[in-house]
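Heads up: the structure comes next, in structure tokens.
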Amino acid sequence: MTVRVRFAPSPTGYLHIGGARTALFNWLFARQHGGTFILRIEDTDKERSTPENVQVILDALRWLGLDWDEGPEVGGPHGPYFQSERTDIYAPHAQKLLAEGKAYRCFATPEELETMREEQKARGEQPHYDGRGLKHTPEEVEKMLAEGKPYVVRFRVPEGSTVIDDQIKGRVEVQNSEVDDFILLRSDGSPTYNFVVCIDDTDMGITHVIRGDDHFTNAMKQALMIEALGFERPVYAHIPLIFGPDKKKLSKRHGAVSVLEYRDKGYLPEAFINFLALLGWSFDDKQTLFDVPELTAKFTLEKVSKSPSIFDLDKLDWFGGEYVRQKPAPELTELAIPVLVEAGLLKAEEAQGRRAWLEKLVAAMQPRFRRLPELPEMVTYFFQGTAELDYEEKAVQKLEEEGAADRLTVYRESLESSSFESTETLEAEARALCEAKDIKFGKLVHPVRAALSGRTQGPGLFDIVYLLGKDECLARIDRALKLIEQGSGFPIQAG
RNA sequence: GGCCCCGUCGUCUAGUCAGGUCCAGGACACCGGCCUUUCACGCCGGUAACACGGGUUCAAAUCCCGUCGGGGUCACCA
């Protein structure tokens with residue numbers, strides 16, 4: 001049997017973290033089994049579904065690299081893949097159920113049902129649909145139909161009990177009496193979720209339904225519906241939900257839940273995927289870093305946890321840094337350039353000419369950031385002219401220290417005659433200088449760093465020296481020397 | 001509230017089905033140290049959990065019962 005799975009979001013909002021993980025698990029399952037990953041848009045709710053939301057979901061999936069084999073924009077033999085375009089498909093099935101007595105019409109208005117529920121509650125009963133639509137005689141039905149009275153079509157839930165053999169939750173049996181005769185056709189004739197899902201899944205040949213645990217009670221309804229329709233049941237796998245720190249289902253209240261927000265925050269998609277994969281799934285007690293091919297090879301539903309997990313931003317940050325460090329510098333540079341341009345540090349047209357230099361810069365910064373947008377702020381001084389450079393308070397202190405000016409002067413001389421061959425030779429020269437002049441290495445390094453960068457922290461000093469180049473280094477040292485001489489004239493960095 | 005699911009360090013989890021090798025392992029975070037020109041990275045070490053109560057057993061995180069706690073779901077939403 002060829003595996004066919006689907007991710008079926010409802011375009012009533014952005015793709016959130018839980019949805020993304022569901023998509024990922026489906027995708028991994030499909031890829032691992034050489035199966036098909038289908039994207040189906042469940043837009044039967046005309047009120048809340050929008051094309052913009054569809055686009056946003058598609059964008060998010062693409063950012064994560066979760067490509068679909070059938071679905072919007074790629075097509076496929078089982079389309080259309082928008083439920084709103086499949087309405088003609090559903091009606092005959094409803095007619096059939098009606099004719100077979102497996103469904104019936106109910107003429108009760110929403111208001112009527114509301115009071116029914118109120119009364120039930122008042123009597124201390126559980127609110128439930130009481131099957132009143134079933135009590136009409138055929139004549140009454142004919143009459144109301146002739147009058148054009150609006151009605152819904154409800155599914156007639158049979159007696160007995162239903163067993164779901166869930167791949168994650170195990171065997172669960174529920175009495176059918178627990179599920180109400182649910183609506184399959186609204187009074188405007190449009191079909192509802194629990195009805196269309198069964199038909200679409202069957203038409204699309206879905207073999208495994210992998211989705212969030214909040215759908216578990218729907219699995220009961222769908223299993224019943226599939227039975228009535230004479231279809232074959234897919235295998236169900238309900239994955240535990242993701243909670244916010246308050247242990248409640250993740251929602252807007254928890255801050256950034258949209259996948260695209262994480263893209264915009266500059267996390268690498270591979271980091272996000274790894275993070276997502278480990279939310280509710282694990283391989284063994286050792287491995288936490290998985291690239292996509294590895295995930296594809298190692299993912300199993302069996303190892304999906306049964307208990308819900310809480311979204312932990314700290315861990316995401318760690319993954320972020322991990323993948324930034326892992327990424328080859330040329331590739332990272334490619335990603336960094338637009339970010340630097342965006343920050344106004346670099347002109348887009350300069351990027352190509354300075355490519356080699358940028359790569360060195362990125363390589364020097366690589367262990368120091370976890371998200372791309374963190375980079376510009378850390379490297380502004382590389383892009384400023386000598387006169388624009390400003391200084392941190394602490395850097396000024398380093399420059400005003402006793403003897404700092406003398407050491408800067410000494411280093412300046414040595415730099416003038418340096419070949420600037422590499423970071424390593426630069427460092428060797430500086431160490432030799434200290435040796436010769438009997439200067440403690442740190443005593444030289446700190447003021448020089450302050451003079452060149454205006455900061456007290458950053459990449460290795462000789463990376464800075466090398467990256468800045470001889471002329472710029474000399475100019476910056478000269479300026480610092482002049483400012484020290486003048487006294488308190490340092491332009492102080494804001495913040 | 002009914003029904004269903006879940007309950008191992010603060011968090012993600014391994015171990016639970018096949019009880020002993022688990023006075024519970026890894027990772028993030030946190031704390032300490034090392035490395036070092038700073039920061040970061042890296043390395044070393046530390047704090048920290050089997051929800052509770054009974055039972056079965058020579059032996060229970062693992063099996064059984066109960067309690068408590070948490071969550072999901074009960075729409076003419078999906």
Side-chain angles (χ1 to χ4, degrees), chain A residues 8-12 42-45 47-49 83 106 108-110 113-114 117 121 124-129 150-154 164 166 168-170 172-175 177-180 182-188 190 192-194 196-197 212-218 220 238 240-241 243 245 247-249 275 278-289 303 305-319 321-322 325 365-370 378 394-395 398 427 430-431 434 440-450 453 455-462:
Chain A
S10 172
T12 52
E42 310 222 321
D43 53 353
T44 51
D45 183 350
E47 308 288 308
R48 299 191 298 151
S49 302
Q83 286 181 332
C106 172
T109 62
L113 294 173
E114 188 47 43
R117 281 188 281 263
K121 268 192 249 174
E125 294 171 18
Q126 292 299 324
H128 65 283
Y129 177 71
Y151 63 87
V152 299
V153 176
R154 285 183 182 267
I164 304 283
D166 193 275
I168 292 161
K169 297 167 83 81
V172 181
E173 179 171 8
V174 177
Q175 295 303 314
S177 57
E178 293 297 332
V179 358
D180 276 1
F182 57 91
I183 291 171
L184 65 240
L185 249 37
R186 289 183 269 252
S187 52
D188 67 355
S190 65
T192 61
Y193 167 75
N194 280 117
V196 300
V197 164
D213 198 19
D214 49 344
H215 279 290
F216 187 76
T217 51
N218 287 327
M220 299 300 302
H238 290 89
L241 300 177
F243 292 159
K247 299 201 172 194
K248 295 261 172 27
K249 200 171 153 181
F275 169 70
L278 255 27
L279 232 39
W281 175 83
S282 62
F283 178 65
D284 60 14
D285 58 345
K286 297 182 184 63
Q287 193 174 0
T288 48
L289 259 17
K303 298 285 281 178
S305 154
K306 295 174 90 163
S307 52
S309 37
I310 293 169
F311 180 80
D312 179 20
L313 261 175
D314 279 336
K315 194 125 181 184
L316 208 213
D317 278 331
W318 176 76
F319 276 116
E322 203 62 36
R325 269 168 256 134
M365 297 309 296
Q366 215 162 352
R368 295 177 171 77
F369 69 100
R370 341 207 238 198
M378 301 172 111
K394 279 185 187 163
K398 290 284 177 202
E427 173 164 358
R431 285 194 188 276
C434 285
K440 204 163 162 264
F441 194 54
K443 285 284 181 193
L444 176 75
V445 164
H446 294 302
V448 173
R449 171 187 298 282
S453 70
R455 316 225 179 159
T456 54
Q457 55 177 62
L461 176 64
F462 302 99

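Just so we're clear, the structure is a prediction, and the values are computed from it rather than from any experiment.
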Quick one: do A/Arg186 and A/Ser190 satisfy side chain to side chain donor-acceptor pair (under 3.5 Å)? Show the steps, please. CA-CA 5 Å; A/Arg186 289 183 269 252; A/Ser190 65; 2.8 Å; yes
Any idea which of B/C12, B/C6, B/C5 is nearest the A/Lys169 side chain?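 Closest nucleotide among those given: B/C5.
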Distance (rounded to the nearest 0.5 Å) between A/Asp166 CG and A/Phe216 CZ: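 Reported value, rounded in 0.5 Å steps: 6.0 Å.
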Treating A/Arg325 as the side-chain partner and A/Arg370 as the backbone partner, does any N or O pair qualify as donor plus acceptor under 3.5 Å?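 Not at all, since once roles are kept as given, no pair shorter than 3.5 Å links the two residues.
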Taking atom [atom1] in both [N] and [M], what distance in whole Å separates the two?
N	M	atom1	result
B/G66	B/C22	P	32 Å
B/A48	B/G25	C1'	14 Å
B/C9	B/C5	C1'	24 Å
B/G1	B/U8	P	23 Å
B/U56	B/U73	C1'	36 Å
B/C68	B/G32	C1'	38 Å
B/C44	B/U37	C1'	23 Å
B/G42	B/U62	P	37 Å

For A/Phe275, does the six-membered ring have the charged nitrogen or CZ of A/Lys315 within the cation-pi criterion, i.e. under 6.0 angstrom from the centroid and within 45° of the normal?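 Geometry flag: not set, cation outside 6.0 Å or 45°.
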Honestly, is A/Arg431 close enough over A/Phe441, meaning NZ or CZ under 6.0 Å from the six-membered ring centre and within 45° of the axis?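 The answer is yes, since A/Arg431 meets both limits relative to A/Phe441.
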Categorize A/Lys303 for me: base, sugar-phosphate, or nothing, with a 4.0 angstrom heavy-atom threshold over every strand shown.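 Result for A/Lys303 = sugar-phosphate.
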Between A/Asp284 and A/Phe311, just flag the one whose closest nucleotide in RNA chain B comes earlier from the 5' side.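 Closest to the 5' end, via its nearest nucleotide, is A/Phe311.
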Suppose we define a pair by two distances each less than 3.5 Å, Watson-Crick or G-U wobble; what does [N] pair with here?
N	answer
B/C34	B/G42
B/U67	B/A51
B/G10	B/C28
B/U21	none

Of A/Val152, A/Val153, A/Ile183, A/Thr44, the residue whose pairing with A/Thr192 passes side chain to side chain contact (heavy atoms under 4.5 Å, CB included):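 Of the listed residues A/Val152, A/Val153, A/Ile183, A/Thr44, the side chain to side chain contact (heavy atoms under 4.5 Å, CB included) partner of A/Thr192 is A/Ile183.
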Rounded off to whole Å, could you give me the [atom1]-to-[atom2] distance for the [X] and [N] pair?
X	N	atom1	atom2	result
A/Asp285	B/A24	CG	P	15 Å
A/Lys306	B/C17	NZ	P	12 Å
A/His128	B/G1	NE2	C1'	14 Å
A/Phe319	B/A27	CZ	P	12 Å

Residues that A/Arg117 engages under side-chain hydrogen bond (donor to acceptor under 3.5 Å, both in side chains), provided they are two or more places apart: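 Per chain and number, A/Arg117 pairs via side-chain hydrogen bond (donor to acceptor under 3.5 Å, both in side chains) with no residue.
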Kindly determine whether A/Asp180 and A/His128 satisfy side chain to side chain donor-acceptor pair (under 3.5 Å), including the steps that lead there. CA-CA 7 Å; A/Asp180 276 1; A/His128 65 283; 5.8 Å; no
Reading nucleotides 28-39 of chain B 5' to 3', which nucleotides get B (base under 4.0 Å from a protein heavy atom), which S (sugar-phosphate only), which -? SS-------BBB
Quick tally for nucleotides 71-78 of chain B: nucleotides whose base has a protein heavy atom under 4.0 Å get B, sugar-phosphate-only ones S, the rest -, giving SSS--BBB
Count the heavy atoms of every other residue, nucleotide or ligand shown that sit under 6.0 Å from CD of A/Glu173, and state whether that count exceeds 12.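 Yes, because the 6.0 Å sphere around CD of A/Glu173 holds more than 12 heavy atoms from other groups.
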Report yes if the distance between the aromatic ring centroids of A/His215 and A/Tyr193 is under 6.0 Å, otherwise no.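 Between A/His215 and A/Tyr193, the centre distance is under 6.0 Å.
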